[in-house]
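Since the model is a prediction, treat every value here as computed from it, not as a measurement. Lettering follows sequence order; numbering is per chain, from 1.
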Amino acid sequence: MTKQLLLIDGNSVAFRAFFALHSQLGKFTNQNGLHTTAIYGFNLMLDHILKEVQPDAALVAFDAGKTTFRTEMYDDYKGGRDKTPPELSEQMPYLKELIKAYGMHSYELANYEADDIIGTLALQAGEQGFQTTIVTGDRDLTQLSSETTTVSVTHKGVTEVEHYTPEHVLEKLGISPSQIVDMKGLMGDTSDNYPGVTKVGEKTAIKLIKQFGSMENLYEHIDDLKPSKMKEHLIEDRDNAFMSKKLAQINCQAPIEVTINDIDYTGPQTDELIKFYQEMNFQSFLNKLSGSQTELDLTDPEIKQIEFTCLDKTNLGQIQTLEGSVSFYLEMPDANYHTSEFAGFSIGDGHRWFVSRDVELLTSAPVRQLLESDTVKKDVFNAKAMTVGLNRLGITLRHVDFDLLLVSYLLNTNENSNDLGVLAREHSYFDVDTDEAVYGKGAKRAIPDVDQVLFAHLATKTRAIAELKPQLIQKLNENEQIDLYTDIELPLSDVLAQMEITGVKVDVERLKAMGSKLIERLSELEQTIYQEAGESFNINSPKQLGEILFEKMKLPVIKKTKTGYSTAVDVLEKLRDQAPIVDNILLYRQISKLQSTYIEGLLKVVHSTDQKIHTRYLQTLTQTGRLSSVDPNLQNIPIRLEEGRKIRQAFVPSHEDWEIFSSDYSQIELRVLAHVTGDHNLQEAFIEDQDIHASTARRIFKLGPDEEVDRNLRRQAKAVNFGIVYGISDYGLSQNIGISRKQAKQFIETYFEEFPGVKKYIDEIVESAHKRGYVETLTHRRRYLPEINAKNFNQRSFAERTAMNTPIQGSAADIIKIAMIQMNQALATHHLKAKMLLQIHDELVFEAPSEEIPVLEKLVPKVMDSAVSLDVPLKVESAHGKTWYEAK
DNA sequence: TAGTGGCAC
DNA sequence: TCCTAGTGCCACTAA
């Protein structure tokens, strides 16, 4: 066996632990009022890493003080840092006690940082045949990773770490560990406060190092670079670059006085540890030591016991005896079921329950036949997740009859927890544990090793689905929601599953090219802003930005937030005349949004196997019945401004000679409003296919029949129309179009005079909401408004506005859902290759072979505008092109 | 994790 | 007197 050495960067891990638990600061104190967050977090990390590494030798290295050989080289090294919070410093001496009780050594060395101690020991260890694991919160240490050394950087919390081997460094950065110092030399480091080369950030630095191999070689060949700003900066900042590289370089020849032989690790001193835990008030660690908590205790004895059969290859035949309807549950511990691992499954018929960890069994003939059968009903929790998960195993889930998640959501939109156990409790069903109780939460979340625990949990879940089914179906009937469930939501879940599985193809190269351009522009803007401000600061920090604008530059304060000055767009727009920096900040914001959210964000979620993005539509989340989209959100890809709209050029068809085809409902919410209010004037405008905002302007501004509606009046009328849909307030309207509150009030009153049906509807819906406590859409989708009778004016007003808005927004959502189901059927009956890819609230996006485009141009609008029959016509507009951008 | 800001419909 | 237009998701900072 290779000997294992564990080296921990004490300050860095303590710092991470402290902030990871910072929100709990108040809860973690001992009898003497000592804060214990960092100690607790450090302990969690130790338990975790000791179990993983099982070291033969171990050491925790600390920084000795503020002055080191680096501060001698550069006064300002680590300058400008906030001083360590006292709640953290007070914990450091106790942390060292903990380490001692664990039987580990700590060490620090004057003039050197912990990094240098670690680097020096790791080097010696490698020579002596040790395998070394370094734990730190500081990415810079990854320069130490090698054949014999792995660097584990804490990720979220403290127990989750990312292991950096040389291969992993190469994968993440594209360079080798030894080249990290060259990169740091060029880019500098804001947190350690050393400069690097002006305008060179991580991306540029990596590009240069990839090209030249090292900083030295880059400067030897500097004359070969073609003339550019960057070249000038490189030459100008040469000295900074070399100094920064030296600062970044970990010294692996530190004059340490310990050797590996001095730091044997033989395990914790249990007695001392118990004493220490008592002093720190660490109950859970004490329990763990005394062994009073066994894993089996996780099963709550209160819960009705369940008997189940472990399925394996020998007893598969028994599955064939299941009949009627079966409950099925496939456990995917990660929320993203496109990529999650499978933890196991359970299947049963109300009396017998079969369980296994081995999902391969699902593909065996008896199980597959059952899942794919058109005659055996399947009852599940989250049909869409099951469909996608099984699809990954090559199985098509058919004939789903009951979806506990979907039904609960329809009965009450607030009951949409994705944890079956939580949801069951809402329905007064207690014979199933929550996932949190069985799997734990946060960093501690894990699938139990003990079969009994996992299997009992899966079997009780399946049983809960079966036992809750009859009563919930009955409630759907009582609410007149059974059609909504059977004809809309359940079939829709399958349509959505297919859309998610299909995914949308992304032109990765195009995104990357856009990204590098944006980065260049950002770094230029950044410099301009720093010059205009007279200092450099973090533009992304509203706090720092506020200080620059409102204290240093003394611009007038327009709006404040809870925490300080507001720097939101509407505020900055009012200031743009006062200083040129404001426009640059607005531009910086716009571009950095595109870069981080859309370029970086999208690139992160492209599946490498098919270059596609597979979003997940959440069908049981919104309070109105709309869908939402996550991982990533494909419902907010920019369109309003041209620069952002270009992102859509990266959304392309998945086959050559195919196109993107898009259809959207025109003014669907206002049409729904015209329908539900029965307002004659509003209906007339739509029946005559008038420009609705111009028509509203004509009425509220009392224009004659031949009078021109100018752009400004139309814009104001448009805002009024939106205001009506959202549940209007005079203040909101006045802010939106920049008029006085009095004037806004006047607009609204005139609107109600001109559209009396709308006024009547609003009064009635609010009254009905007060009486019944909920509102409904066209399809009886229901939203409860518990605060509609609140004493608090704001709470009540909010509920009243949602009472107006929800039937409108929700009915529009109903309509497009119906259209999606019918559209999917229409594609099949017409034997089209076209696929539905995306839904963006009032828009459907498809990809199709070019020759099918003429067919879609007729078919899609026909299906969409006849999805429901309203008192006003629905209008659909379509477009197509080589990319989503061109389909406009 | 809370707060701020910004993108969509 | 208060605050103030509906529904979402996500990045980033600061702690």
Side-chain angles (χ1 to χ4, degrees), chain A residues 15 18-25 37 82 85 87-88 156-157 413 442 538-546 559 561-572 586 589-590 592-602 604-605 615-618 621-641 644-645 647-648 664-665 667-669 719-737 741 744 748 783 792-795 797-810 812-813 816 838-843:
Chain A
F15 196 77
F18 177 71
F19 281 113
L21 289 167
H22 196 264
S23 58
Q24 313 288 318
L25 190 62
T37 43
D82 291 340
E87 296 89 350
L88 173 56
K156 294 176 243 171
T413 46
N538 187 342
I539 308 168
N540 287 321
S541 160
K543 185 164 170 269
Q544 294 184 31
L545 180 59
K559 197 163 80 182
T561 65
K562 276 180 219 168
T563 49
Y565 312 108
S566 168
T567 64
V569 176
D570 53 325
V571 171
L572 295 189
L586 284 167
R589 282 249 179 94
Q590 188 197 335
S592 84
K593 172 82 178 176
L594 291 177
Q595 167 62 15
S596 63
T597 305
Y598 295 104
I599 304 279
E600 299 279 348
L602 289 175
K604 257 187 264 176
V605 290
T615 187
R616 282 154 50 227
Y617 288 102
L618 304 187
L621 181 130
T622 70
Q623 295 300 309
T624 55
R626 275 190 179 183
L627 301 175
S628 78
S629 155
V630 292
D631 294 337
N633 181 0
L634 290 182
Q635 292 180 316
N636 72 343
I637 304 301
I639 189 165
R640 217 180 74 248
L641 301 175
R645 191 174 200 155
I647 300 284
R648 295 178 175 225
D664 65 288
Y665 283 112
Q667 308 294 356
I668 189 166
E669 291 188 347
V720 175
N721 279 333
F722 275 105
I724 296 292
V725 169
Y726 292 155
I728 200 155
S729 81
D730 49 12
Y731 179 86
L733 181 62
S734 74
Q735 284 300 295
N736 193 304
I737 49 179
R741 188 170 159 174
I748 294 167
R783 177 178 185 175
N792 180 303
F793 174 83
N794 284 329
Q795 288 182 354
S797 300
F798 184 76
E800 287 173 354
R801 288 197 294 277
T802 46
M804 304 175 216
N805 170 263
T806 297
I808 309 299
Q809 194 181 111
I816 196 165
L838 304 173
Q839 188 252 44
I840 305 107
H841 308 306
D842 63 356
E843 176 187 7

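Put simply, the side chain of A:Thr615 gets close to the backbone of A:Pro632: a donor and an acceptor are under 3.5 Å apart.
In this structure, A:Lys604 places its NZ atom 11 Å from P of C:dC10, rounding to the nearest Å. Between A:Tyr598 atom OH and B:dG6 atom C1' there is a gap of 8 Å when expressed in whole angstrom units. Distance, A:Asn792 CG to C:dT4 C1': 13 Å, rounded to whole Å. As a whole-Å value, the separation of A:Leu634 CG from C:dC9 C1' is 11 Å. Between the P atom of B:dT4 and the CG atom of A:Asn538 lies a distance of 17 Å, rounded to the nearest Å. At whole-Å resolution of the value, CD1 in A:Ile599 and P in B:dC7 are 14 Å apart. A straight line from CD of A:Gln839 to C1' of B:dA8 spans 12 Å, rounded to a whole angstrom. Atom pair A:Ile647:CD1 and B:dA8:P shows a separation of 11 Å (rounding to whole Å applied).
For A:Asn633, the listed nucleotide lying nearest its side chain is C:dC10; candidates were C:dG6, C:dC10, C:dA14. Distance from the side chain of A:Phe798 is smallest for C:dG6 among the nucleotides C:dG6, B:dC9, C:dG8. Distances were taken from every side-chain heavy atom of A:Phe793 (C-beta onward) to each of C:dG8, C:dC2, C:dA5; the shortest belongs to C:dC2. Which of B:dG5, C:dA5, B:dC9 sits closest to the side chain of A:Tyr731 comes down to C:dA5. Closest approach to the A:Leu621 side chain among C:dT13, C:dC9, B:dG6 is made by C:dC9 (side chain taken as heavy atoms from C-beta onward). Of the candidates B:dG5, C:dT4, C:dC9, B:dG5 carries the atom nearest the A:Thr567 side chain, counting heavy atoms from C-beta on. For A:Ile639, whose side chain is taken as the heavy atoms from C-beta onward, the closest listed nucleotide among C:dC12, B:dC9, B:dT4 is B:dC9. Checking B:dG6, C:dA5, C:dC9 against the side-chain heavy atoms of A:Lys593 singles out B:dG6 as nearest.
Across all strands shown, nothing is found opposite C:dT4 as a Watson-Crick or G-U wobble partner with both distances under 3.5 Å.
Counting any heavy atom pair closer than 4.0 Å across all strands shown, A:Glu669 reaches no nucleic acid atom. A:Ser734 comes within contact range of no nucleotide atom at all, as no heavy-atom separation falls under 4.0 Å. At a threshold of 4.0 angstrom between heavy atoms, the contacts of A:Ala719 include nucleobase atoms, whether or not backbone atoms are also involved. Residue-level contact check: A:Gln623 touches the backbone only, with heavy atoms under 4.0 Å from sugar-phosphate atoms and none from bases. Here A:Gly727 lies in heavy-atom contact (under 4.0 Å) with sugar-phosphate atoms only. No engagement by A:Asp570 is indicated, since no non-hydrogen atom pair under 4.0 Å with the nucleic acid exists. A:Leu627 comes within 4.0 angstrom of nothing in the nucleic acid, heavy atoms only. Heavy atoms of A:Ile637 sit under 4.0 angstrom from primed sugar atoms or phosphate atoms, though from no base atom. Within 4.0 Å (heavy atoms only), A:Val630 reaches sugar-phosphate atoms of the nucleic acid but no base atom. Nucleic acid contact for A:Ile808: none, since no nucleic acid atom lies under 4.0 Å from a heavy atom of the residue. Among the atoms of the strands shown, none is found under 4.0 Å from any heavy atom of A:Asp730.
Look at A:Tyr726 and the base of C:dA5; the rings do not stack under the cut-offs of 5.5 Å between centres and 30° between planes.
In this structure, A:Leu586 and A:Val569 have side chains that are in contact, with non-hydrogen atoms separated by less than 4.5 Å. For the pair A:Leu634 and A:Leu602, the minimum side-chain heavy-atom distance is below 4.5 Å. Side-chain contact between A:Gln839 and A:Gln635 is present, with heavy atoms from C-beta onward closer than 4.5 Å. With a 4.5 Å cut-off on side-chain heavy atoms, A:Leu733 and A:Tyr726 do not count as touching.
Across A:Gln544, A:Lys559, A:Arg589, A:Lys543, a single residue satisfies side chain to side chain contact (heavy atoms under 4.5 Å, CB included) together with A:Thr567, and that is A:Arg589. Checked against A:Ile808 for a side chain to side chain contact (heavy atoms under 4.5 Å, CB included), the options A:Val725, A:Thr624, A:Ile724 give a single hit: A:Val725.
A sub-4.0 Å separation between OP1 or OP2 of B:dG5 and a side-chain N or O of A:Ser566 is present. Phosphate contact (OP1/OP2 of C:dG6, side-chain N/O of A:Thr806, threshold under 4.0 Å): absent. Contact between the side-chain N/O atoms of A:Arg589 and the OP1/OP2 oxygens of B:dG6 is found at a separation under 4.0 Å. Contact annotation: A:Thr624 does not reach the phosphate of C:dT7 (side-chain N/O to OP1 or OP2, under 4.0 Å). Neither OP1 nor OP2 of C:dT7 sits under 4.0 Å from any side-chain N or O of A:Thr802. Side-chain N/O atoms of A:Asn794 include none lying less than 4.0 angstrom from OP1 or OP2 on C:dT4. Within the structure, a side-chain polar atom (N or O) of A:Arg783 is placed less than 4.0 Å from OP1 or OP2 of C:dT7. OP1 or OP2 of C:dC10 has not a single side-chain nitrogen or oxygen of A:Thr597 nearer than 4.0 Å. Using a 4.0 Å cut-off, no side-chain N or O of A:Gln590 falls inside it from OP1 or OP2 of B:dG5.
Side-chain atoms of A:Arg741 come within donor-acceptor range of the base of C:dT4, with a qualifying N/O pair under 3.5 Å. With hydrogens and angles ignored, a donor-acceptor pair closer than 3.5 Å exists between the side chain of A:Gln809 and the base of C:dG6. Checked by distance alone, A:Asn636 brings a side-chain donor or acceptor within 3.5 Å of a matching partner on the base of B:dC7. In terms of polar N and O atoms assigned as donor or acceptor, the side chain of A:Arg626 comes within less than 3.5 Å of the base of B:dC9 in a complementary pairing.
Distance noted for atom C1' between C:dA5 and B:dA2: 24 Å (whole Å). With P as the reference atom, C:dT4 and B:dG5 are 14 Å apart, rounded to whole Å.
When the shell of 6.0 Å around OH of A:Tyr565 is examined, it contains more than 12 heavy atoms from other residues, nucleotides or ligands.
Of all heavy-atom pairs between A:Thr622 and A:Leu627, the closest is CG2-O, 4.1 Å.
Positionally, the nearest nucleotide of DNA chain C for A:Arg801 lies more toward the 5' end than for the other of A:Leu618 and A:Arg801.
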